[in-house]
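Here the structure comes first, spelled out in structure tokens, and everything after it is commentary.
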There are 2 protein chains.
Amino acid sequence: MGRPKCFDESKVLDSAIECFWRNGLKASSIRTLAEEMGIAGPSLYNAYGNKQTLFAKALVRYADTTLRPRFLRVRDLPPLEAIRFFLFEQIEITLNDPDGKGCLFVNTTVETANGEQELSNEAIGYLNEIKDFFASNLRAAQSNGNLSPDVSVVEMSETLFVMIVGVCVYARMRPSRSELEAALAPAFKLLTAQS
Amino acid sequence: MGRPKCFDESKVLDSAIECFWRNGLKASSIRTLAEEMGIAGPSLYNAYGNKQTLFAKALVRYADTTLRPRFLRVRDLPPLEAIRFFLFEQIEITLNDPDGKGCLFVNTTVETANGEQELSNEAIGYLNEIKDFFASNLRAAQSNGNLSPDVSVVEMSETLFVMIVGVCVYARMRPSRSELEAALAPAFKLLTAQS
DNA sequence: GCAATATTTTAACGGTCGATACAAAAAACC
DNA sequence: GGTTTTTTGTATCGACCGTTAAAATATTGC
């Protein structure tokens with residue numbers, strides 16, 4: 001019923017993600033968003049509500065298209081190998097990110113922490129999934145016998161978490177491969193030394 | 001000559017730092033800045049130029065009042081102890097930061113990376129001073145014999161850097177003491193185990 | 001006291017912000 | 001084919017943005 005939408009809502013949302021990811025929430029105006037999305041302002045409001053709801057939808061889709069595939073990609077690996085691959089992939093993603101976009105969740109957490117709390121909480125929720133990914137895999141590795149039971153899962157998962165978040169900030173500084181590999185090298189050693 | 005300024009330029013700049021630190025560059029309007037600084041808009045422009053130059057001056061003063069005192073505070077400690085105290089202090093500062101301001105340099109790097117490049121480069125320069133602080137102290141520890149020459153100073157300094165930057169992002173998530181201490185515990189172990 | 005200089009105050013500038021009213025357009029239903 | 005429903009395009013709204021013009025105010029040098 002009614003006139004059909006003449007654009008793919010998900011594809012256009014991907015363009016919004018790109019804009020928010022690169023420039024942030026406040027630096028992305030409705031006008032530049034609409035232009036980069038290839039639609040007019042009123043179509044944007046008709047399809048996504050307002051700027052805040054558009055951003056919220058962008059966060060959800062970013063999680064679906066960027067974070068969740070990374071979890072799925074390592075789902076069937078041995079737990080420690082899953083963590084190693086996740087960290088390794090972070091380096092490659094960062095180096096193949098010439099715009100220095102980093103991580104939308106990290107950028108959002110930093111930008112909206114003392115303003116748009118609902119958006120901040122949404123982003124933090126996804127970041128906590130990364131921490132949980134580390135923790136559950138470390139626990140599995142201890143069950144497997146691949147990781148010493150003397151290792152504190154809480155400490156190790158928190159450390160890996162702040163390290164990968166730090167790498168996401170690093171991404172915005174256009175780091176070199178050697179800097180990124182050096183930064184994560186001790187993490188790889190921690191994951192093997194105590195096995 | 002002329003009418004004297006009726007405010008302390010440094011003290012008022014501290015109020016600007018507080019506002020930028022808490023809310024970021026774009027979310028701090030000239031009007032809210034002027035109000036929080038206790039002066040009128042034109043006085044702000046007369047004293048600090050424009051918004052961008054005000055922010056640049058805020059970055060410099062923030063470095064002078066927040067980062068440099070921390071370096072000086074550990075200047076006379078044994079190098080590894082200096083790093084340990086710096087990390088320990090980061091936890092305490094984060095827990096005594098109820099607004100979740102984190103680090104102005106990290107916030108600025110994330111917010112302005114793809115916009116105001118001059119401000120971003122300024123912030124990155126100060127962050128690199130932190131990395132250099134780690135590297136030079138690690139080298140000194142190796143000269144002292146307090147740190148094994150088998151440890152890669154580059155790897156360790158890069159790791160400590162991404163960890164402390166990660167903690168600064170963590171600060172915006174209102175972390176608990178146990179989370180922060182767990183996150184940095186492996187760093188403390190790395191600094192003693194290989195000594 | 002008077003001129004010169006610098007800062008404060010008041011008011012407002014043009015521009016952009018997020019958001020919308022309204023009518024034209026394009027499909028489905030009968 | 002006319003009605004209904006949704007989306008599109010155009011034009012624009014009031015609010016706020018960063019910034020400044022201009023006049024009033026407060027000091028110094030003479």
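Residue numbers begin at 1 in each chain, while the letters A, B, ... track the order of the sequences. All values derive from a computational prediction rather than experimental measurement.
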Between [N] ([atom2]) and [X] ([atom1]): distance, integer Å:
X	N	atom1	atom2	result
B:Leu33	D:dG18	CG	P	8 Å
B:Leu54	D:dG18	CG	P	11 Å
B:Lys51	D:dT20	NZ	C1'	17 Å
A:Lys5	D:dG9	NZ	P	13 Å
A:Arg31	D:dC17	CZ	P	16 Å
B:Phe7	C:dT8	CZ	C1'	10 Å
A:Ile30	D:dC17	CD1	C1'	16 Å

Restricting to nitrogen or oxygen on both sides, can you table the protein-nucleotides 24-30 of chain D pairs closer than 3.5 Å?
| residue | atom | partner | partner atom | Å |
| --- | --- | --- | --- | --- |
| D:dT25 | O2 | B:Arg3 | NH1 | 3.1 |

Which value, rounded to the nearest 0.5 Å, describes the distance between [X] atom [atom1] and [Y] atom [atom2]?
X	Y	atom1	atom2	answer
A:Leu127	A:Thr109	CG	OG1	4.5 Å
A:Phe20	A:Glu111	CZ	CD	9.5 Å
A:Ser178	B:Glu158	OG	CD	7.5 Å
B:Leu59	B:Trp21	CG	CH2	12.0 Å

Regarding A:Ser28, tell me which of base, sugar-phosphate or nothing describes its non-hydrogen contacts under 4.0 Å with the strands shown. sugar-phosphate
Please list residues of residues 35-50 of chain A whose heavy atoms come under 4.0 Å from any atom in DNA chain C, ordered by number; otherwise none. A:Pro42, A:Tyr45, A:Asn50
A:Phe71: which of A:Phe85, A:Phe133, A:Tyr126 passes ring-ring contact (aromatic ring centres under 6.0 Å, His included): A:Phe133
Would you check if the side chain of B:Gln142 reaches a backbone N or O of B:Val151 as a donor-acceptor pair within less than 3.5 Å? yes
Kindly determine whether B:Phe88 and B:Phe188 satisfy ring pair (Phe, Tyr, Trp, His ring centres under 6.0 Å), including the steps that lead there. CA-CA 9 Å; B:Phe88 165 78; B:Phe188 286 111; 7.8 Å; no
Lys/Arg N to Asp/Glu carboxylate O, A:Lys51 vs A:Glu116, below 4.0 Å: no
Would you please say whether a donor-acceptor pair under 3.5 Å links the side chains of B:Asn50 and B:Thr53?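 Judged by distance alone, the side chains do pair up.
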